[in-house]
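Working notes, beginning with the structure itself.
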Amino acid sequence: MKLGDLEFWLLTDGTFRLDGGAMFGVIPKPMWEKVAPADARNRILMAMNSLLIRAAGKWILIETGAGDKWDSKRSDIYAFEGAPRLLDKLVTHGVPPEKIDIVINTHLHFDHCGWNTRMVNGEAVPIFQNARYVVQRAELEHAKSPTDRDRASYFPENFAPMEKSGQWSLLDKDAEIVPGLEMIRVPGHNADMMCVRLTGGGKTVFFTADLVPTAAHVPLPWIMGYDLYPLTTLENKRKWISQAVREEWLVIFGHEARTPAGYLRERQGKYELEPVMIDV
Ligand SMILES: [Zn+2]
């Protein structure tokens, strides 16, 4: 899809599953299971969506999925599925990892930065050898010393190797990475997660990351139990969703498998998604 001089593709690293109750916080199961059916282990299906961007002569990858550094126990818990995975899709697009100039992680939970690295001879090393990697400085600090509540979301092998290789390029606030690509810090899910705004040719695209992880999370109180600051999520959903509605932004959800993109509309005081089919 083209936005003026900026071009982007929606890619996915396949799907995984998380507990439905944790994904919908205070929303009772009889409500959420109508829109997100649970499997026999109470898990719902989620995608891991990425954006590949061509802009300012650079190849930029936002989000790197879950990667392949998984033991059998965790593979079973999270049920990763859906070949081809992200790296194969990059190759199919003619953009193998060595061609990527900038890798951006909205935050460092395992399902957003897994392909940052891979194991070589028992050691995790950066996959994107010629890239600088971008994240909020405070998120990297938090990832290195998480709380007991969110420790299970952070795996040092996804972010420590770029400290060793000197590839981190750390942000201290919102940033325009190249013209038309803004990274915006949106707290709530955690303290320093970022959303992405692409603009060009009179159009705007908003990638929600975990602010609105799936289409089922569009209603304001439908907020993940994982969120560290749910009331901040609520305020930021109100702010960004209402602007997306007013200005007709194309919204792309971080984890939506079935209808990853669309326009948000307000009908009788409620927000709804009008899905748009784009190639994945
Ligand atoms: Zn997350």
Side-chain angles (χ1 to χ4, degrees), residues 11-27 32 36 43-51 61-67 69-70 74 77-80 86 103-117 133-160 171 183-196 206-218 222-237 240-241 251-257 260:
L11 305 181
T12 155
D13 192 31
T15 59
F16 72 131
R17 290 174 183 271
L18 290 177
D19 183 83
M23 280 305 296
F24 290 104
V26 299
I27 305 301
W32 62 252
R43 300 172 303 183
I44 64 164
L45 186 72
M46 319 238 303
M48 290 169 281
N49 296 327
S50 288
L51 298 178
L61 179 65
I62 299 180
E63 308 288 55
T64 64
K69 302 181 295 298
W70 293 99
R74 288 198 175 107
I77 289 173
Y78 296 117
F80 301 108
L86 184 61
V103 173
I104 302 174
N105 302 132
T106 61
H107 60 304
L108 295 173
H109 288 166
F110 65 76
D111 49 327
H112 296 257
C113 61
W115 290 112
N116 279 4
T117 62
Y133 286 71
V134 175
V135 76
Q136 286 285 325
R137 183 185 310 276
E139 172 65 359
L140 179 59
E141 288 308 311
H142 180 75
K144 290 193 279 185
S145 52
T147 68
D148 288 332
R149 181 179 156 98
D150 61 355
R151 190 177 308 282
S153 297
Y154 290 106
F155 294 85
E157 58 267 35
N158 289 333
F159 49 83
L171 304 178
M183 299 303 300
I184 303 167
R185 192 178 148 268
V186 181
H189 181 56
N190 65 8
D192 291 282
M193 192 198 79
M194 296 184 285
C195 294
V196 184
F206 190 70
F207 181 80
T208 61
D210 282 353
L211 174 67
V212 188
T214 76
H217 292 83
V218 167
W222 292 52
I223 290 171
M224 286 190 272
Y226 295 110
D227 284 18
L228 297 185
Y229 311 103
L231 294 178
T232 309
T233 301
L234 178 64
E235 287 319 302
N236 274 320
K237 282 179 74 174
W240 292 102
I241 289 177
V251 170
I252 300 178
F253 303 106
H255 290 296
E256 173 61 46

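Count residues from 1 along the sequence. Ligands are counted one by one from 1 in listed order, and the atoms in each one are counted from 1 as well. The basis for the numbers below is simple: all heavy atoms, side chains too, and nothing from hydrogens, waters or symmetry mates.
Under the 30°/60° scheme for interplanar angles, the aromatic rings of Tyr78 and Phe80 are found to be tilted.
Residues satisfying the side-chain contact (heavy atoms from CB on, under 4.5 Å) test with Ala138, not counting sequence neighbours, are Asp192.
Residues Asn116 and Asn105 bring a donor and an acceptor atom of their side chains to less than 3.5 Å of each other. Remark: the His255 side chain and the His217 side chain contain no N/O donor-acceptor pair separated by less than 3.5 Å.
Around the Zn ion (ligand 1), the protein N, O or S atoms found under 2.8 Å comprise His107 NE2, His109 ND1, His189 NE2, Asp210 OD2.
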**Study point:** side-chain contact (heavy atoms from CB on, under 4.5 Å) assessment of Val103 paired with Trp115
**Key:** CA-CA 10 Å; Val103 173; Trp115 290 112; over 6 Å; no
Practice item. Start with the C-alpha gap between Lys69 and Arg74, add the side-chain angles, then the distance that decides, and say whether side-chain contact (heavy atoms from CB on, under 4.5 Å) holds. Key: CA-CA 10 Å; Lys69 302 181 295 298; Arg74 288 198 175 107; over 6 Å; no
